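Below: the structure, in C-alpha cells.
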Amino acid sequence: MELKSIRLYHMVMELREYFETSFGGLKKRHCVLVAIEDSTGIIGWGEAPVDDGPWYSYETVDTTLYIYRKFIIPILMKNPHINKPEDFVKLVSRIRGYRMAKAGIEYALWDLYAKYLKKPLYRVIGGVRDRILSGVSIGVIGKMDLLLKLIGVYLERGYRRIKIKIAPGWDIEPVRMIRKEYGYIPLQVDANAAYTLDQASVFKQLDKYDLLMIEQPLYYEDLYMHSILQSMIETPICLDESIRGLHDVMTGHKLGSFKIINVKPVRVGGLLETIRINDYSIRNNIPLWIGGMLETGIGRAFQVAAATLPAIKYPNDISESSRYYKEDIVEPPWILGKDGTIKPLEKPGIGVEVLEDKIGKYSIKQYKYNLTKPI
Ligand code: OSB
Ligand code: MG
C-alpha cells in the first residue's frame with residue numbers, strides 16, 4: 001500500500017444521556033478520527049477515542065494530535081510504503097506510550113489493508129464467529145428507581161449482560177436491589193479504580209451476590225494490590241485500566257492479579273497487540289471480553305471485529321449505536337439483534353460506510369497532511 005494522505009478530525013459527538021463514572025461525567029464525547037488514503041483511492045478509517053481531559057487515560061485529543069503531527073506523521077512521510085499494519089507497529093515502536101494515538105492510525109491501516117484484500121476485517125484478523133454477545137454498561141446513576149427501570153429496558157431490548165459502574169457509597173445497595181428485582185441475571189460491576197485495599201470489605205460483601213466479575217476495583221496502574229485482593233475474594237477480578245498490553249497480561253497472570261481481562265484494543269495500542277493478547281490468553285486459559293470507550297460507529301467496527309477472536313468468552317461492552325448517540329456517523333448504524341448479538345459485517349474492511357456530512361457536522365477541527373510529495 002502506497003499511502004498518499006492522512007486526514008484528522010477532532011470530533012465532538014452528542015451523547016444521548018450523561019454518562020457518569022467514578023472518574024467523572026461525560027455529556028459530549030470527544031475523539032480523533034483518522035482517514036488514510038492510498039495511491040489507488042482506497043480510504044481506511046480509524047478512531048482514537050480520547051477525551052478532552054486526562055481522566056480515564058493520560059491521553060487527550062491534544063496529546064494525540066501532537067504525537068501525530070510531531071512524530072507519527074513524519075515517520076509515515078519517510079515510510080509511505082506499508083505492506084501490512086504490522087509494518088506500522090514496528091515503525092512507531094520507538095515511541096513509548098500513546099497507545100490510543102497509535103491505535104487510531106493502526107486501525108485506519110487495518111481497514112485499508114482489509115479493503116485492499118477485499119475481505120471483512122474480522123476475517124483478516126482471525127475472527128472465528130459471525131455474531132458477538134452484546135452487554136450494556138450503565139453509569140453511576142445514583143437514583144435506585146431510575147437504575148432499576150433502565151435495567152428493565154435494556155433486558156427487554158435483549159442485552160446479554162448488565163454492567164453497572166460503582167463508586168464508594170454506590171456499590172452494595174444497587175447490586176442488592178438489582179438481585180432482588182431481577183434475580184440472577186448476568187451482572188457485573190466496574191469501579192474504575194475508585195477503591196483502595198483498605199476497602200476490601202466492600203468486595204467481600206459483594207462476593208455474596210454472585211457477580212460475573214468485579215472490574216478494576218483498585219488503582220489504575222496496579223497489579224500487585226489486585227493480586228492480594230483476588231486472594232481475599234471469590235468473585236473474579238477483571239482488569240481494565242491496569243492492562244496496557246501483553247506485558248501487563250503476562251505479569252498480572254503470574255501474580256494472580258486477575259481472572260478475566262477487559263481488552264480495549266485502543267488501550268493496548270491496537271488490533272495487533274489485541275491479537276497477541278488473544279494468542280497468549282488461549283494458551284493460558286484466560287477469558288477475555290472487549291471493552292468500550294463510547295466509540296462512534298467507526299471505532300465500534302473494530303471492537304466488533306476484535307470480539308470475534310477465539311479468546312473472547314464473555315459479553316462485550318459493545319452496545320448498538322442508538323444506545324450512545326442521537327445519530328451515528330456510519331451507515332448502517334450498529335444494531336442489536338433480538339438475540340442480544342451484533343453481527344460483524346461481511347463487506348471489505350470495517351464494512352460500514354462513513355457519512356462525510358455527519359463528520360462535517362460533528363467535527364470542530366480538521367487537518368490534512370500529504371504523505372507523498374507531489375511530483
Ligand atoms: O471503564 O469500561 C470503562 C466508558 C468510558 C470510559 C471507560 C469505560 C467506559 C464504559 C462504557 O464502561 C463502555 C461502552 O463503550 O459501552
Ligand atoms: Mg472499565
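Predicted model only: the values in this text are computed from it and were never measured. Atoms within a ligand are numbered from 1 in the order they appear, just like the ligands themselves.
Residue contacts with ligand 1 for Asp190 involve side-chain atoms from C-beta outward but no N, CA, C or O (heavy atoms, distance under 4.0 Å). Heavy atoms of Asp240 found under 4.0 angstrom from ligand 1 belong exclusively to the side chain.
Under the 4.0 Å criterion applied to side-chain N and carboxylate O atoms, Asp317 and Lys163 are assigned as salt-bridge partners. Under a 4.0 Å N-O distance rule, the pair Lys27/Glu14 does not qualify as a salt bridge. Salt-bridge formation is detected for the pair Asp240/Arg267: a Lys NZ or Arg NE/NH1/NH2 atom is positioned less than 4.0 Å from an Asp or Glu carboxylate oxygen.
The residue from Gln303, Lys165, Arg300, Arg323 that puts a heavy atom closest to atom 3 (C) of ligand 1 is Lys165. By heavy-atom distance, the residue among Trp55, Tyr220, Tyr324, Tyr56 lying nearest atom 14 (C) of ligand 1 is Tyr324.
Among Tyr58, Phe71, Tyr66, the one residue that satisfies the ring-ring contact (aromatic ring centres under 6.0 Å, His included) test with Tyr98 is Tyr58. With respect to Leu309, the side chain to side chain contact (heavy atoms under 4.5 Å, CB included) criterion is satisfied by exactly one of Asp279, Ile277, Asn278: Asn278. Checking His10, Gln366, Met11 one by one against Leu33, the side chain to side chain contact (heavy atoms under 4.5 Å, CB included) holds for a single residue, Met11.
Close approach of ligand 1 to Phe23 (heavy-atom distance below 4.0 Å) involves ligand atoms 6 (C). Within ligand 1, the atoms closer than 4.0 Å to a non-hydrogen atom of Glu215 are 2 (O), numbered from 1 in the order shown. Here is the list of ligand 1 atoms found below 4.0 Å of a heavy atom in Lys163: 2 (O), 12 (O).
Looking at ligand 1, you won't find any N or O of Glu295 less than 3.5 Å from one of its N or O atoms. By the 3.5 Å distance cut-off applied to N or O atoms, Asn192 is counted among the residues near ligand 1. For Ser319, no nitrogen or oxygen atom sits less than 3.5 Å from a nitrogen or oxygen atom of ligand 1, counting backbone and side chain alike. Considering backbone and side-chain atoms alike, Glu241 places every N or O at 3.5 Å or more from each N or O of ligand 1. In terms of polar-atom proximity, defined here as any N/O pair under 3.5 Å, Leu294 does make such a contact with ligand 1.
Between the side chains of Arg7 and Tyr9, a donor-acceptor pair is found at a separation under 3.5 Å.
Checked against the 6.0 Å centroid criterion, the rings of Tyr195 and Phe203 qualify as a close aromatic pair.
Taking backbone and side chain together, Asp317 holds no N, O or S atom under 2.8 Å from the Mg ion (ligand 2).
Using 4.0 Å as the threshold, Gln216 has no heavy atom nearer than that to any atom of ligand 1.
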Hey, mind stepping through Ser319 and Tyr159 against side chain to side chain contact (heavy atoms under 4.5 Å, CB included) and telling me if it holds?
CA-CA 8 Å; Ser319 307; Tyr159 284 104; 3.4 Å; yes
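Checking side-chain atoms of Gln188 against main-chain N and O of Ile164 turns up no donor-acceptor pair under 3.5 Å. Listed for the Glu241 side chain is no donor-acceptor partner under 3.5 Å among the backbone atoms of Gln216.
Looking at Asp190, its N, O or S atom nearest to the Mg ion (ligand 2) turns out to be OD2. Considering just the N/O/S atoms of Glu215, the one nearest the Mg ion (ligand 2) carries the name OE2. Looking only at its N/O/S atoms, Asp240 has OD2 as the one nearest to the Mg ion (ligand 2).
For the pair Arg161 and Trp289, the distance from NZ or CZ to the six-membered ring centre is under 6.0 Å and the angle to the ring normal is within 45 degrees.
Among all non-hydrogen protein atoms, the one lying nearest atom 7 (C) of ligand 1 is Lys264 NZ, 3.4 Å. The protein heavy atom nearest to atom 5 (C) of ligand 1 is Met293 CA, 4.0 Å.
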